[in-house]
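Just follow the structure's listing: the first ligand is 1, and inside any ligand the first atom is 1. None of these values were measured; they are calculated from a predicted model. For reference, positions follow the sequence shown, starting with 1.
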Amino acid sequence: MQHVVTRPQPPFRSADGRLEIHQIPSWLDNLIWLAVCTETGAGVVIDGPEAKPVLDYCEAQGIELTGVLNTHTHPDHIGVNKQLIKLGRADGLSITGAARVADRVPGLTRGVDEGDTVQIGAVTGQVWLTEGHLNGHLSFLFDDLIFCGDTLIAGGCGFLFDGPAAKLHHSLQRIVGLDPATRICGAHEYTQDNLRFAWFVEPGSPALKARVDRVWALRAEGGCAVPSTVGEERDTNPFVRGHVPALQAGLQARVPGVDLRDPVAIFAATRALKDTKQHREAVSDADLGVAP
Ligand SMILES: [Zn+2]
């Protein structure tokens, strides 16, 4: 299967330099994150559909895999656990997931919850409970980086599987409440479809147009538009812009009758509208002012 990203992000560091982050494309559009402590060399993989590309990458780069952090229990996030176990490579690994869904995290060695901390070598991160996509969904914060699984996916958000909308709305608002420079490491490259939808509900936004131009240029070269920043998401992601008059007007044009006094209703209507996929036909590349 040819991944949508053919030129992954080169390794980059957290602002404090204590973690080096590697991006490993997997399946069609999953992004596996491998975070390495620059002091100890310990490497921890955050989610993934499969283990082989991670093991191959670690071997090629001389990285010692010491653990797994799971944001949630969908197969394309815990597949890496299952395969590590099957290959006999899970022994001695620290496998961390949500305590509240402990029975669904293969090989779990440590259950965590909101307010706990996690380690990558000598580096300590914070655990947030960010539900809405799935019950027990966690995000992990390290310095200026947040690994948020399928909660905020560049330019958009995850599906409401367990829901309800109020939980995902809250989780997203919490993420975009971080410093604007915070980099958001979501688990999929869906940015172009997400921004096409953003244009459907907020056409003509200059910040959105600028992001579209950047992202289309990058993706045309096979590059990856993830991570994005909190600042970019605040300016252009329709799922965190329910308070913005232009977004409200655009949404009401598509979904008459939505209660604009209720932030959760706005979020829920936005999510439901995207689920119809109308934007894929309604917003052309010409509308976006980009080459197809
Ligand atoms: Zn998921």
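Distances from the Zn ion (ligand 1) to the N/O/S atoms of His74 are shortest for ND1.
Side-chain contact between Leu34 and Ile21 is absent, with no heavy atoms from C-beta onward closer than 4.5 Å. Residues Phe200 and Leu273 are in side-chain contact: their nearest non-hydrogen atoms beyond the backbone lie under 4.5 Å apart.
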Run the ring pair (Phe, Tyr, Trp, His ring centres under 6.0 Å) test on His22 and Tyr57 for me, step by step, so that the C-alpha distance in whole Å, both residues' side-chain angles and the decisive distance to 0.1 Å come before the verdict.
CA-CA 9 Å; His22 303 256; Tyr57 189 93; 5.3 Å; yes
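Among the atoms of His77, no N, O or S atom falls under 2.8 Å of the Zn ion (ligand 1). Taking 2.8 Å as the threshold, Asp150 counts as a candidate ligand of the Zn ion (ligand 1), since one of its N, O or S atoms lies below it.
His279 and Asp193 form a side-chain donor-acceptor contact under 3.5 Å, judged by distance and modelled atom types alone.
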